[in-house]
> 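Input: one structure, supplied below.
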2 protein chains.
Amino acid sequence: MIADNKEQYFNVALATGIVLFAFDLEHLHILLTRKKEEPFKGAWVIPSRYVKADESLEENVKVLLKNTIGHEDVYLEQLNAFAKVYRNPIGRVVNIPFYGLMQLTEKEFKNAEKNNCKWIKYHDVPDMAFDHNEIIDYAKERLKRRVKRRPVGFNSLPKEFTLNQLQTLYEQALNKTFDKRNFRKKIFNSQLLVDTGKTIITSQGKESKLYKFDMERYEKMSLKGYDFLF
Amino acid sequence: MIADNKEQYFNVALATGIVLFAFDLEHLHILLTRKKEEPFKGAWVIPSRYVKADESLEENVKVLLKNTIGHEDVYLEQLNAFAKVYRNPIGRVVNIPFYGLMQLTEKEFKNAEKNNCKWIKYHDVPDMAFDHNEIIDYAKERLKRRVKRRPVGFNSLPKEFTLNQLQTLYEQALNKTFDKRNFRKKIFNSQLLVDTGKTIITSQGKESKLYKFDMERYEKMSLKGYDFLF
DNA sequence: GCAAAAGTGTTCGTCTTACACCCATGC
DNA sequence: GCATGGGTGTAAGACGAACACTTTTGC
């Protein structure tokens, strides 16, 4: 079947997109940009890029990251392909988006501005071009599930963080609030946090204990069938 | 960027594949077929099909189902795209596989044979062409997670089924055994099963109660934030 | 009569949830 | 001095895990 008319099938273009979530210790953000060319010139989109013939999806996404935030040090996960026939007016473009999770610091904030991108608050996503709102909604759902079921949240915190920062992150991602005492109990019970013995002075001038995530321990526990659950 | 040399990007082919899981009330099976053409003529593959220019992925998968088991009454879910540059020697073919879950009866068994397909036991998957083993492993992982966290298993049972059949399904999919009393307690606690009042004579000649899944109730509970968990 | 399958309760420990106050700091 | 945020304990209920026997049937 394919041998007869190979050409008829090789007429699809591939792109990746990145729904980049970043936490600045207070709010979750998503990185958006505006389209520089037709179609939908000027409209909000997630950073996207056509995949070259000999380029893997991951390589492509990493170029996207370099071009927007200036580095590629981000937790990444592939999402479902968006492949509707008429999603792009110039032809059949299949977008295989990823979601990323990272810490938002001054550096990424400035780099984004420089590269014509903007960090939008998680709950304030505007109307976007193509099916990009759908992609973001899907990525948010995925993030929620992951935060609930795997300790991915730590990818958006500094190596050492306070429990209040961790709780804020969970509350933002899951869009609900937790009782402070119960939150701490649950996290400590999981035995995935290590007390660094250090403290930090938070923005309110209070002293607060610093913890770090014990990745090694998590991996060992995972192998034995442990399931992180929040 | 794209306007200048549009052609250079529109040279990818799209295919879907289906990892079809089916339960005959005793064992889980996966549907495989053998390649009829080069490359890898004669090798085991999952049923796959090129996507036509104006065809959605879902339409394409449904044709696949029609061509193999003779109908399209299957629970479907899209998996991650498999897009490695050199996964197919004839060009860059991106496979966007789905997994499906259904009940295996005589009908599907015969239709598969007629269509050059074979139902292989879940734990006996042979070496396959392309990256199809990888796809199956990925689909199995997804199935495990789904069975644990959503009541998808009911898609592979008849409308009315016994608790032992349900338990067997869970044991096969998750590759472990459960205590019968605890299993029943857990399932009844979830309040998702309705006693039909009927019984059936099983293959061992014993009478066994029939239950059905209360989809409406599940949907209501889901909306209120209920999470099925096994 | 014995092998195989359907069905059934209790106990113990752990986890979840609800709930309130003290202390230090910045202003 | 007061508003803000960091930090802490207890009690009640729900849930999970471990565990054994009775009954019926086919052979």
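So you know, we letter chains A, B, ... as the sequences are listed, proteins then strands, and number each from 1. Fair warning: this is a prediction, and the values are worked out from it, not measured in the lab.
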> Answer yes if the side chains of B/Glu171 and B/Thr168 hold a donor-acceptor pair under 3.5 Å, and no otherwise.
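There is no such pair between these side chains.
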> Given side chain to side chain contact (heavy atoms under 4.5 Å, CB included), test B/Tyr138 with B/Val19 step by step and report yes or no.
CA-CA 10 Å; B/Tyr138 183 74; B/Val19 181; over 6 Å; no
> Taking atom P of C/dA6 as reference, at what distance in whole Å does atom CD of B/Gln165 sit?
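These atoms are roughly 9 Å apart.
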> For the residue pair B/Lys186 / B/Asn189, report whether a side-chain donor-acceptor contact shorter than 3.5 Å exists.
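Not at all, the side chains of B/Asn189 and B/Lys186 share no donor-acceptor pair under 3.5 Å.
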> What integer distance in Å separates A/Ile201:CD1 from D/dT4:C1'?
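Whole-Å distance recorded here is 15 Å.
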> Starting at CZ of B/Phe183 and ending at P of C/dA5, how long is that distance when rounded to a whole Å?
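Answer to the nearest Å: 17 Å.
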> Regarding B/Lys180, tell me which of base, sugar-phosphate or nothing describes its non-hydrogen contacts under 4.0 Å with the strands shown.
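The answer is base, as B/Lys180 lies within the cut-off (heavy atoms under 4.0 Å) of a base atom.
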> With respect to the phosphate group of C/dA6, does any side-chain polar atom (N or O) of B/Thr162 fall under 4.0 Å of OP1 or OP2?
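It does not, given that no N or O in the side chain of B/Thr162 lies less than 4.0 Å from OP1 or OP2 of C/dA6.
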> May I have the distance from B/Phe178 (atom CZ) to C/dT8 (atom P), rounded to whole angstrom?
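Those two atoms, CZ and P, are 20 Å apart.
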> Looking at B/Lys209, does any N or O in its side chain come under 4.0 Å of the phosphate oxygens OP1/OP2 on C/dT8?
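Yes, such a contact exists.
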> Return the 5'-most residue of the pair B/Lys206, B/Tyr211 with respect to DNA chain C, ranking by each residue's nearest nucleotide.
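Nearest nucleotide further toward 5': that of B/Lys206.
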> Compare every heavy atom of A/Leu76 with every heavy atom of A/Gly100, then report the nearest pair and how far apart it is.
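In terms of heavy atoms, the two residues are closest at CA-CD2, 4.0 Å.
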> Hey, which sits more toward the 5' end of DNA chain D by its nearest nucleotide, A/Asp179 or A/Glu207?
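By nearest-heavy-atom nucleotide position, the 5'-most residue is A/Glu207.
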> I need the CD-P distance between B/Gln167 and C/dA5, as an integer number of Å.
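Rounding to the nearest Å, CD of B/Gln167 and P of C/dA5 are 13 Å apart.
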> Describe the nucleic acid contact of B/Asn189 in one word from base, sugar-phosphate, nothing, applying a heavy-atom distance below 4.0 Å.
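The residue B/Asn189 makes no contact with any strand.
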> Does A/Asn182 or B/Lys185 map to a spot on DNA chain D nearer the 5' end, using the closest nucleotide for each?
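It is A/Asn182 whose nearest nucleotide is closer to the 5' end.
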> Nearest whole angstrom, please: distance from the P of C/dG7 to the CG of B/Leu163.
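The answer, rounded to whole Å, is 7 Å.
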> Taking 4.0 Å as the cut-off, does a side-chain nitrogen or oxygen of B/Arg181 come that near to OP1 or OP2 on D/dA18?
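B/Arg181 to D/dA18 OP1/OP2: no side-chain N or O under 4.0 Å.
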> A/Asn164 CG to D/dT8 C1': how many Å, rounded?
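After rounding, the gap between these two atoms is 12 Å.
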> Could you tell me how far apart B/Phe230 (CZ) and D/dA17 (P) are, to the nearest whole angstrom?
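Going from B/Phe230 (CZ) to D/dA17 (P), I get 9 Å.
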> Whether the A/His123 and A/Gln172 side chains hold a donor-acceptor pair (N or O, under 3.5 Å, no angle test) is what I'd like checked.
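Note: A/His123 and A/Gln172 side chains miss the donor-acceptor criterion.
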